[in-house]
Amino acid sequence: MFQNKNVYRLSDENMVFRPLFFLQEKLDRKINARTIQDEEIAKENYLKKVVGFRVEMGELLNATRLHKYWSSGLPESKERILDEYADGLHFLLSIGGEKKVGDFTYQGLYDGEIQPQDIMWLCDKLMTIPWMEIRKEDYLLGLEMYLKLGELLLFTWEEIKQAYVTKNIENQERQNTGY
């Protein structure tokens, strides 16, 4: 799955993020309405979003198995990896909402042959970004890196968007049933 020599570029697609930020904001409002919000709780919830993103990064890596150099096992299905990717995108869009980001244009900063070490390098960087103190400009760079990760995993924008929307619907339903 990851040894594809053809360069696929998400930046060649028409990527509109505003609806995804809107869907995430709607979900976040529903979640926040369940508890009293003050500054301390908001800080704690932000930290939980950051930790949640890092947990999802770990689950994404486990699904790809790229870090398991000692194992000859195959990665999980593309659908499973995409589902984990969408989980991470949920947390990133929620963090972006906290930074008052409402739209984004993917620049496609990477150009070249896809190598597993590129994926590992991006995962390491994404897991060590100081999300708690991040400025809006740095958040946008982090989002760019996460989308590059999706590109290196050979996901199309349509696949990413559909996986996100499907997961958002599932999360909205979970909130309706007291998840």
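Source: prediction; values computed, not measured.
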Could you tell me whether the side chain of [Y] reaches within less than 4.5 Å of the side chain of [X], counting heavy atoms only?
| X | Y | answer |
| --- | --- | --- |
| E44 | I41 | no |
| L152 | L122 | yes |
| E84 | D87 | yes |

Does [X] [atom1] have over 12 foreign heavy atoms under 6.0 Å away?
| X | atom1 | answer |
| --- | --- | --- |
| K43 | NZ | no |
| K26 | NZ | no |
| E137 | CD | yes |

Short N-O contact, E158 and K161, less than 4.0 angstrom: yes
Same cluster (ILVMFWY, side-chain, under 4.5 Å), [X] and [Y]:
| X | Y | answer |
| --- | --- | --- |
| L27 | V55 | no |
| Y146 | V165 | yes |
| L92 | I31 | no |
| F22 | L140 | no |
| M132 | F53 | yes |

Quick check for you: to the nearest 0.5 Å, what is the distance between [X] atom [atom1] and [Y] atom [atom2]?
| X | Y | atom1 | atom2 | result |
| --- | --- | --- | --- | --- |
| Y85 | M57 | OH | CE | 9.5 Å |
| M120 | Y69 | CE | OH | 10.5 Å |
| E25 | F21 | CD | CZ | 10.5 Å |
| N45 | E40 | CG | CD | 10.5 Å |
| L20 | N168 | CG | CG | 8.5 Å |
| L153 | K78 | CG | NZ | 9.5 Å |

Minimum heavy-atom separation for [X] and [Y], please, with both atom names.
| X | Y | result |
| --- | --- | --- |
| M145 | I129 | SD-CD1, 4.3 Å |
| L82 | A163 | CG-CB, 3.6 Å |
| W131 | Y46 | O-OH, 2.8 Å |
| D124 | T128 | O-OG1, 2.9 Å |
| R80 | A63 | CG-CB, 4.4 Å |
| E76 | I81 | O-CD1, 3.5 Å |

Short side-chain to backbone donor-acceptor contact, S94 and H90, under 3.5 Å: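 No, S94 side chain to H90 backbone: no donor-acceptor pair under 3.5 Å.
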Pair T166-Q162, side-chain donor/acceptor within less than 3.5 Å: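 Looking only at side-chain atoms, Q162 and T166 do form a donor-acceptor pair, the distance falling under 3.5 Å.
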Check: Y139/E98 side-chain N/O donor and acceptor closer than 3.5 Å: no
Verdict with reasoning, K167 to N171, per side chain to side chain contact (heavy atoms under 4.5 Å, CB included): CA-CA 6 Å; K167 184 61 75 167; N171 288 340; 3.8 Å; yes
Check against salt bridge (charged side-chain N to carboxylate O under 4.0 Å, His left out), E144 and K148: CA-CA 6 Å; E144 176 91 18; K148 174 47 66 182; over 6 Å; no
Centroid-centroid under 6.0 Å between W157 and Y164 rings: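 Between Y164 and W157, which both carry aromatic rings, the centre distance is not below 6.0 Å.
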Audit row: K99, L143, side chain to side chain contact (heavy atoms under 4.5 Å, CB included) steps and yes/no: CA-CA 12 Å; K99 298 298 176 187; L143 182 56; over 6 Å; no
Full working for side chain to side chain contact (heavy atoms under 4.5 Å, CB included) between K68 and N62: CA-CA 8 Å; K68 297 184 178 187; N62 275 334; 3.8 Å; yes
H67 and W70 aromatic ring geometry - parallel, tilted or perpendicular at 30°/60° bounds: perpendicular
